[in-house]
Asker: 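Quick one: the structure is below, questions incoming.
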Number of protein chains: 2
Amino acid sequence: METDLKSLARNAAQGAQKLAQVKTAAKDAALRAMAKALREEQDTILQANTKDLEAGKANGMSNSLLDRLKLNPQRIEDMAQGLEQVAVLKDPLGEIDRGWRHPNGMEIKRVRVPLGVIGMIYEARPNVTCDAIGLCLKSGNGVLLKGGKEADYSNQAIAQLLSTTAYENGIPHGVIQQLPGDRAMVDPLIHLNDYIDLIIPRGGAGLINYVLAHSTVPVLETGVGNCHVYIDRSAEVDMACRIVLNGKVQRPSVCNALEKILLHRECLPSHMGPLLSELSAAGVQVRGCPRSVAFSPQITPATESDWGTEYSDLIVAIKVVDSTDEAIDWINHYGTRHSEAIVTNSYQDSQKFSQRVDAAAVYVNASTRFTDGFEFGFGAEIGISTQKLHARGPVGLPELTSVKYVIAGSGQIRE
Amino acid sequence: METDLKSLARNAAQGAQKLAQVKTAAKDAALRAMAKALREEQDTILQANTKDLEAGKANGMSNSLLDRLKLNPQRIEDMAQGLEQVAVLKDPLGEIDRGWRHPNGMEIKRVRVPLGVIGMIYEARPNVTCDAIGLCLKSGNGVLLKGGKEADYSNQAIAQLLSTTAYENGIPHGVIQQLPGDRAMVDPLIHLNDYIDLIIPRGGAGLINYVLAHSTVPVLETGVGNCHVYIDRSAEVDMACRIVLNGKVQRPSVCNALEKILLHRECLPSHMGPLLSELSAAGVQVRGCPRSVAFSPQITPATESDWGTEYSDLIVAIKVVDSTDEAIDWINHYGTRHSEAIVTNSYQDSQKFSQRVDAAAVYVNASTRFTDGFEFGFGAEIGISTQKLHARGPVGLPELTSVKYVIAGSGQIRE
C-alpha cells in the first residue's frame, strides 16, 4: 500500500507541475464542467452515499452523524454551486505582489505560485471532498484526499467523477487523488516529504493533534476553537445576551461557536440573570466557577478540564473575573487562538483586548461565529488556521499558494 | 535540564507577550544601546572568543573553521552596525495590510503581530547570535538560541551582554535566552510546542534534515543550495563565463554559490573551452557527465551522488543537456529550490525557465549569488527559506511576523 501511495503522490506532484502552467480560463471551464457532472450524475453519488448510510446504521452511528453523512439532491446542488463559485474567484497565481529594481539594474519581482501538492486528511461530511478539490484545482495544487472510512463510498464516487471530468476538460492527469478512507493511510501520507508540500487535517482535536505530533510534512493547523466571550463591566445587557446566544446556540458544533463566558464581577448582579434565563430557554447546560455557582443553583461546578475543552455542544461554562487584564490572561492561557470576543462600551478596554488577546480573530461587540471564509468575503475556505505560520484565520485561495522571486538581469554579478 | 529549558521557554513566552506591546522607539533605543555595549565591552567578548579558539585548536579544528569562529574588533564593529541597521528598519508590527467593511457594518482589519517565540538552532559564526537577537527583538519575538558548542564561550558572552543591555533599556525580562551550546538541547527544544512558535535551523544539511524530521514545532527550512546555471544555446560566452565564475568562486562556502552547470549541447564546442580555462585558472575542480568528460581530460567523471550534492567548495559539476526542457526537468529533480539561473538571449527560453523552474529565486542572466536579504534590499535577514510555506527566499523582519484579524462591531450576530 505504501508503494502505491508513493506512486500516486509522485503522479500528483508531476501533474501539479503541469497544472501550475494551465491558464485560468481552462481551470474555470473545468470547474464548471465538474459542477455540471455532479448534477448529471447525482444518482451515482446518492447510491454510493446510501451504502455509507446503511453501513453507518448497521454500525450504530448516531443520528447527528448520520445527518452529517447524508447527501440529498439539495446538498449535491450546493456542492455544484460551490465549484461554480470557485470558478468566478480571482486566480491567485501569477500575481506580482512586489517588484523593484536593484541598484545594479536587475528587476526583482515576487510572483505568486502554487504550493505544489496538498494532503487533506478529514473526517467531516462528503462535501469537503468536493470543496477541497475545487480550491486546490483553482490554486494550481495537486491534492491527495484521505476522508473518513464511514464516508468512503461517497467520497470515492465524488472524487472519481470530479477527477475524470477534470481530466476530460484538460486538467493534467493525476492531480486529484482520493485515497482509501483508511486510518492506516495517515502515517505514510504525513511522511511523504518528497512529494507533498502541505498537510491540512480537518476534524476533531484527536486527529489534528496526531498529525501535528507526527507529520514531517509541514502542517496547517485548523479548527479547534475553545472560544470565549468576555463581558466587560460596561457591556450592555442586551448586546451581551445576543452575542452569547448567537455564539452558543446558532450552530453549536462548529469551531467558531462560543464555549466560555468570562463575566466581569461588577456585572454579576445585573447580567448573570438575563444570561442564564436566555441560555436556559435555549436548552444550554451551564457550568461555572465557584462565584458563578454561588449565584444560581442552575449552574453546576466546572472542573479544571472544562476550561480547556471545546464542547461543540449545547454546554457553556462561565467564569467570573475581576478585570479585563484577568480576562485577557485567562484567554491567552486557556484559549485555542481561534476566535475571542469582548462586549464593552469602554474604548480603553476594547483597545487593550484587541491588542493583547492572541487569536486568529478578535471581536469587539460582535459574535465569534463570523470567523469564516464566506463571511470574510473570501468566497470559499478550506478551513480556519489557528497557527501563526503561513496563514492565520480563514484559509482561502491566496493562502493555498506560495511565492517565488524572478530576477531579470543583463549579466549582473555580485561584487 | 529539560525542566530548566521549559521554564526558560515559559519565561521567553511570557516576556514575548509583553514585548509585543513595546513601542518601536523603545525597541530601537534598546538596539542602539546594545550596539554601544558591544563596542564598549569588546574585550570581554574577545576574551571569550579566545577560549573558543584555543579549544578549537586543541581539538584540531581546520583553519577555515577557525577563521569562521574568530572574532576581532572589525567583526564586532560589524555586529554593532548590524544592530544599528535593524534599528532604522521599519517596524513590521501593527501594519494593517488589509481592511474592509462587512455588509453588516463590522470593520474587519488584518493586523501584523509577532510570531511569539522563535527557536534558533545554528552552527555558524558567533555573529549569528547577534543578528538573530536584533531581528527577533525588532519583530517583537522572544528568542531561544542554541549555537554550536565550538562557539559557546563567544555566544554566551554576546547573548549575556545583549540581553542584560536590552533589559536595562526597557525590554521585558526573559525574551533573549542563550541555551548551552550542547547538541542534547536540540531534541527537547524542537518539541516545546506550548512555548515555541517557530524553529529556524541554520547550518549544514545534516542539522536541517534532523530538525525537519523530528521537530513537532513548525520549522522554517533554510539554506541548503544545490544551485545551477543553465547555459542556453543562445548564451553569450562572456556573460556565461562571468556568471559561472562569480557564482562558483566569489564565495564558495555560501548557500547561493553555484554548484552545477548545465550546458546546451550546441554550446559544447564554443563555450566549454573558455569555461574550463576560467574555472581552471580559479582553481576549481571540474567533474562532469560522459559528454563533458569526452570533451576534456581536465573533467573527471561525476557520480550520481554528485548531482544532488552542495559542495560548498571550489568544485563544480557540468552536465550537457539537449534542450531547455531537459535543463528545467533536471533542476526540478536535483535542485534544492534555492537559486537557479539561465543564461540566454532567447525571450521564449527565458520565459519558460522562469515560469517552470521551482525555486525561491530564478535568475535570467544574473548570478545566483544575489539571493540575500541585503541584496534584495530587506536591510537584514535571518536566513534564506527554501520551503514554500510561510516565507520563501530571504527572511527579513516581515517574514518573522504573523497576522490577526481584529473585528470592530456594534452588536452584530450571525443570521
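Naming convention: chains lettered A, B, ... in sequence-line order (proteins, then strands); numbering from 1 in each chain.
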Asker: Atom CG of D197(A) and atom CG of D358(B): how far apart are they, to the nearest 0.5 Å?
Answerer: 7.5 Å
Asker: Test your reading of the model: is there a side-chain donor-acceptor pair from R414(B) to the backbone of F370(A), 3.5 Å cut-off?
Answerer: no
Asker: Flag the one option from G393(B), P218(B), S410(B) with the top tally of heavy-atom pairs under 4.5 Å to chain A.
Answerer: S410(B)
Asker: So what's closer than 4.5 Å to chain B heavy atoms on V217(A): side chain, backbone, both or neither?
Answerer: neither
Asker: State the CZ-CE distance between F376(A) and M106(B), to the nearest 0.5 angstrom.
Answerer: 7.0 Å
Asker: Does any backbone or side-chain atom of V113(B) lie under 4.5 Å from a heavy atom of chain A? Answer side chain, backbone, both or neither.
Answerer: side chain
Asker: For the backbone of G411(B) and the side chain of R242(A), can you confirm whether one donor and one acceptor N or O come within less than 3.5 Å of each other?
Answerer: yes
Asker: Name the option with the most non-hydrogen atom pairs under 4.5 Å to chain A; the candidates are V406(B), L389(B), I108(B).
Answerer: L389(B)
Asker: Any idea which of D238(A), V219(A), N332(A) has the most non-hydrogen atom pairs under 4.5 angstrom with chain B?
Answerer: N332(A)
Asker: Hey, what's the ring geometry for Y405(B) with F378(A), parallel, tilted or perpendicular (30° and 60° as the breaks)?
Answerer: tilted
Asker: Are any side-chain N or O atoms of Q355(B) and backbone N or O atoms of Q21(A), one a donor and one an acceptor, separated by less than 3.5 Å?
Answerer: no
Asker: Can you tell which part of N256(A) gets under 4.5 Å to a heavy atom of chain B, answering side chain, backbone, both or neither?
Answerer: side chain
Asker: Might you point out which heavy atoms bring G409(B) and A366(A) nearest each other, and give the distance in Å?
Answerer: CA-CB, 4.4 Å
Asker: Please classify the contact of R356(A) with chain B as side chain, backbone, both or neither, using a heavy-atom distance under 4.5 Å.
Answerer: both
Asker: Between E221(B), Q387(B), E399(B), E415(B), which shows the greatest number of heavy-atom pairs under 4.5 Å with chain A?
Answerer: E415(B)
Asker: Identify which part of L198(B) has an atom lying under 4.5 Å from any heavy atom of chain A, answering side chain, backbone, both or neither.
Answerer: side chain
Asker: Relative to chain B, which of E375(A), H191(A), H214(A) shows the most heavy atom pairs under 4.5 Å?
Answerer: E375(A)
Asker: Verify the neighbour count for atom CZ of R98(B): are there more than 12 heavy atoms of other residues, nucleotides or ligands below 6.0 Å?
Answerer: yes
Asker: Against chain B, label D372(A) side chain, backbone, both or neither, depending on which of its atoms sit under 4.5 Å from a heavy atom there.
Answerer: side chain
Asker: So which part of E236(B) gets closer than 4.5 Å to some heavy atom of chain A, the side chain, the backbone, both or neither?
Answerer: neither
Asker: Between K404(A) and S354(B), is there a donor-acceptor pair closer than 3.5 Å when you use the side chain of the first and the backbone of the second?
Answerer: yes
Asker: How far apart are the C-alpha atoms of L212(B) and T216(A), what are their side-chain angles, what is the distance that settles it, and do they pass the side chain to side chain contact (heavy atoms under 4.5 Å, CB included) test?
Answerer: CA-CA 6 Å; L212(B) 281 171; T216(A) 49; over 6 Å; no
Asker: Between Q412(B) and S367(A) (side chain of the first, backbone of the second, donor and acceptor by atom type, cut-off under 3.5 Å), is there such a pair?
Answerer: no
Asker: Kindly indicate, with the supporting measurements, whether the criterion side chain to side chain contact (heavy atoms under 4.5 Å, CB included) is fulfilled by I407(A) and V364(B).
Answerer: CA-CA 6 Å; I407(A) 299 98; V364(B) 178; over 6 Å; no
Asker: Counting only heavy atoms closer than 4.5 Å, note whether A359(A) contacts chain B via side chain, backbone, both or neither.
Answerer: backbone
Asker: Check whether P103(A) gets within reach of chain B through its side chain, its backbone, both or neither, counting any heavy atom under 4.5 Å.
Answerer: neither
Asker: Between L245(B), N246(B), N104(B), which has the largest tally of heavy atom pairs under 4.5 Å with chain A?
Answerer: N246(B)
Asker: Between A20(A) and chain B, which part of the residue has a heavy atom less than 4.5 Å away: side chain, backbone, both or neither?
Answerer: neither
Asker: Within the side chain of S402(B), is there an N or O that forms a donor-acceptor pair under 3.5 Å with the backbone of K388(A)?
Answerer: yes
Asker: May I ask you to check whether over 12 heavy atoms, not counting those of K352(A), lie within 6.0 Å of atom NZ?
Answerer: yes
